[in-house]
Amino acid sequence: GTLTSRTTTVAAAGALAAADLQTVVGVSVTYQGANPAVDGGSIVSGTEAKLTLKTQLRPTLRSDSTVAVAPFTVENYAFAQGYDPVLYPAGTPGDTPFDSDNKAITLIQGSLDVTAAKAFDPDVLLEKDRGALVTATLRATQGSSTVPTNQVTISDTDAEFFNQYRLDGLTAADVTLPTGADRVRVDVQLDGSTDWIAGTAAATASLPALPNGKSAADVTGIRFVFDRADGGLFSNTAIPANYTATALLKVRLLEVARNGDPIVFPSSLENTVQTNSHRTDDPAVYPDANAEATDGIALEAGTFALDVS
């Protein structure tokens, strides 16, 4: 576009909103003494003239809004010039002291990250206790993210695991929202299907409405989607705040596997959880981050003993 200029006062400039400054590409400030009519406007020697500009990185180039700002080093120059219209009204180069300075800022590529963790408690189940409750803890954190996220998902769709175990239920206390999120949606798969039954995002977790005749015991896949009702980021700090999302799956061993096979003691079974961190920028800037973690649970026959007295 064509460059134009505008003269205003410090007070008026300070009252401008961020939206009023979207097209500003340069700033010049003129300083003078408080009483130019009395003393010629002289500035006391040694006085510091300071200008502070608060800026924000653009997501796309000003010259082409379809091109995202890429990592590079930005050079920025500042210029200062003095002028005395009383003693040196001609303003010749020798009478107008001049200086400049340059500082650079390096833009590095921001990135999403996510971690996954899975742990069983207990991780050994004796045959005599085969009906005992087992808690599987699923967890996601921000990992080494350098940008905040809009959405975090924890999923457990391990067919082999749900073939032998049933979900005992889900309460609000079983799910801890990550810092920055204000709601969670719980989706489930039933009877080995890969189709999702979507829940409703809310401040506390609950299973979605299930078809007639179905219950938590029929769940064979589950995911927890954490986000914000306003669609915002989990954090608005330059280094994003840490978060931890946690879901507790309380499960019990089935008498017979869903596919009809017997459940053998001793044996062992591993279960994998997947996590995802996602940004909703349009156009997309940061690719999704994904992680997974695996833990195992052992089925033991135990030791038989007989006391004789």
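Here the structure is a predicted model, which means the values were calculated and not measured. FYI, side chains are in, hydrogens and waters are out, and symmetry mates aren't considered; it's all heavy atoms of this structure. FYI, the numbering just counts along the sequence from 1.
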Show which side-chain atoms of residues 237-258 pair as donor or acceptor with protein atoms under 3.5 Å away, not counting sequence neighbours.
{"residue": "Thr237", "atom": "OG1", "partner": "Ser235", "partner atom": "OG", "Å": "3.0"}
{"residue": "Thr237", "atom": "OG1", "partner": "Ile239", "partner atom": "O", "Å": "2.5"}
{"residue": "Asn242", "atom": "OD1", "partner": "Gln142", "partner atom": "NE2", "Å": "3.1"}
{"residue": "Thr246", "atom": "OG1", "partner": "Arg139", "partner atom": "NE", "Å": "3.4"}
{"residue": "Lys250", "atom": "NZ", "partner": "Asp174", "partner atom": "OD1", "Å": "3.2"}
{"residue": "Arg252", "atom": "NE", "partner": "Asp168", "partner atom": "OD1", "Å": "2.9"}
{"residue": "Arg252", "atom": "NH1", "partner": "Gly131", "partner atom": "O", "Å": "2.8"}
{"residue": "Arg258", "atom": "NE", "partner": "Phe162", "partner atom": "O", "Å": "2.5"}
{"residue": "Arg258", "atom": "NH1", "partner": "Ala217", "partner atom": "O", "Å": "3.1"}
{"residue": "Arg258", "atom": "NH2", "partner": "Tyr165", "partner atom": "O", "Å": "3.2"}
{"residue": "Arg258", "atom": "NH2", "partner": "Ala217", "partner atom": "O", "Å": "3.0"}

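Shown here for Gly199 and Pro208, the closest heavy-atom pair between the two residues is CA-CB, 3.5 Å. For the residue pair Ala104 and Thr73, the shortest heavy atom distance occurs at CB-CG2, 3.7 Å. Contact record, Ala181 with Phe226: CB-CB, 4.3 Å, taken as the closest heavy-atom pair. Here the closest heavy-atom approach between residue Val114 and residue Ser277 is recorded as CB-CB, 3.9 Å. Shortest non-hydrogen contact noted between Pro122 and Leu133 is CD-O, 4.0 Å.
Looking at Asp195 and Ile197, their side chains never come closer than 4.5 Å, going by heavy atoms from C-beta outward. Contact check for Thr153 versus Gln151: side-chain heavy atoms found under the 4.5 Å cut-off. The side-chain heavy atoms of Asp113 and Thr141, taken from C-beta on, include no pair separated by under 4.5 Å. Counting only heavy atoms from C-beta outward, the side chains of Val186 and Val225 never approach each other to under 4.5 Å. Contact annotation: the side chain of Pro266 never approaches that of Leu299 to less than 4.5 Å [non-hydrogen atoms, C-beta and beyond].
Taking CZ of Phe224 as the start and CG of Leu177 as the end, the distance is 11.0 Å to the nearest 0.5 Å. In this structure, CG in Leu190 is found 10.5 Å from CD1 in Ile222, a value given to the nearest 0.5 Å. Distance check: Gln189 CD to Thr157 OG1 gives 6.0 Å after rounding to the nearest 0.5 Å. For the atom pair CD of Gln81 and OG of Ser100, the computed distance is 11.5 Å after rounding to the nearest 0.5 Å. One distance of note links CD of Gln164 with CG of Leu269; it measures 5.0 Å at 0.5 Å rounding. Distance OG/Ser145 to CG/Leu112: 5.5 Å, rounded to 0.5 Å.
When hydrophobic residues (I, L, V, M, F, W, Y) are linked wherever their side-chain heavy atoms come within less than 4.5 Å, Leu126 remains an isolated member. Clustering of Ile, Leu, Val, Met, Phe, Trp and Tyr by side-chain heavy atoms under 4.5 Å joins Leu61 with Leu57, Val67, Val69, Phe72, Val74, Ile105, Leu107. Side-chain contacts under 4.5 Å among hydrophobic residues (ILVMFWY), followed directly or transitively, place Phe98 together with Tyr77, Phe79.
The list of side-chain hydrogen bond (donor to acceptor under 3.5 Å, both in side chains) pairs with a residue in residues 280-292, not counting sequence neighbours, reads Asn150-Thr280, Asn276-Asp288, Asn276-Asn290, His278-Asp288, Arg279-Asp281. Contacts classified as ring pair (Phe, Tyr, Trp, His ring centres under 6.0 Å) and involving residues 3-24 (residues at least two apart or in different chains) are not found. Sorted by first and then second residue, the pairs that involve residues 109-141 and meet ring pair (Phe, Tyr, Trp, His ring centres under 6.0 Å), not counting sequence neighbours, are Phe120-Phe161. Under the salt bridge (charged side-chain N to carboxylate O under 4.0 Å, His left out) criterion, the residue pairs touching residues 217-228 are Arg183-Asp227, Asp187-Arg223, Arg228-Asp230, with sequence neighbours excluded.
Hydrophobic clustering (ILVMFWY, side-chain heavy atoms < 4.5 Å, transitive): Val264 and Leu125 are in distinct clusters. Taken together through direct or relayed side-chain contacts under 4.5 Å among Ile, Leu, Val, Met, Phe, Trp and Tyr, Leu210 and Leu167 form part of one hydrophobic cluster. Linking ILVMFWY side-chain heavy atoms closer than 4.5 Å, directly or via other members, places Val10 and Leu21 in two distinct hydrophobic clusters. The cluster map of Ile, Leu, Val, Met, Phe, Trp and Tyr, joined by side-chain heavy atoms under 4.5 Å apart, puts Ile297 and Phe265 in the same cluster. At a threshold of 4.5 Å between side-chain heavy atoms, the hydrophobic network of Ile, Leu, Val, Met, Phe, Trp and Tyr places Val134 and Ile263 in one connected group.
No hydrogens or angles considered: nothing links the side chains of Thr60 and Ser65 as a donor-acceptor pair under 3.5 Å.
Checked against side chain to side chain donor-acceptor pair (under 3.5 Å), Thr66 has the following partners two or more places apart in sequence or in another chain: Asp64. Partners of Asp121 under the side chain to side chain donor-acceptor pair (under 3.5 Å) rule, at least two apart in sequence or in another chain, do not exist in this structure. Listed by chain and residue number, nothing satisfies the side chain to side chain donor-acceptor pair (under 3.5 Å) test with Thr220 (two or more places apart in sequence, or in another chain). In this structure, the side chain to side chain donor-acceptor pair (under 3.5 Å) partners of Asn102, at least two apart in sequence or on a different chain, are Glu75.
Although no hydrogens or angles enter the test, the distance criterion places a donor-acceptor pair under 3.5 Å between the side chain of Asp156 and the main chain of Asp158.
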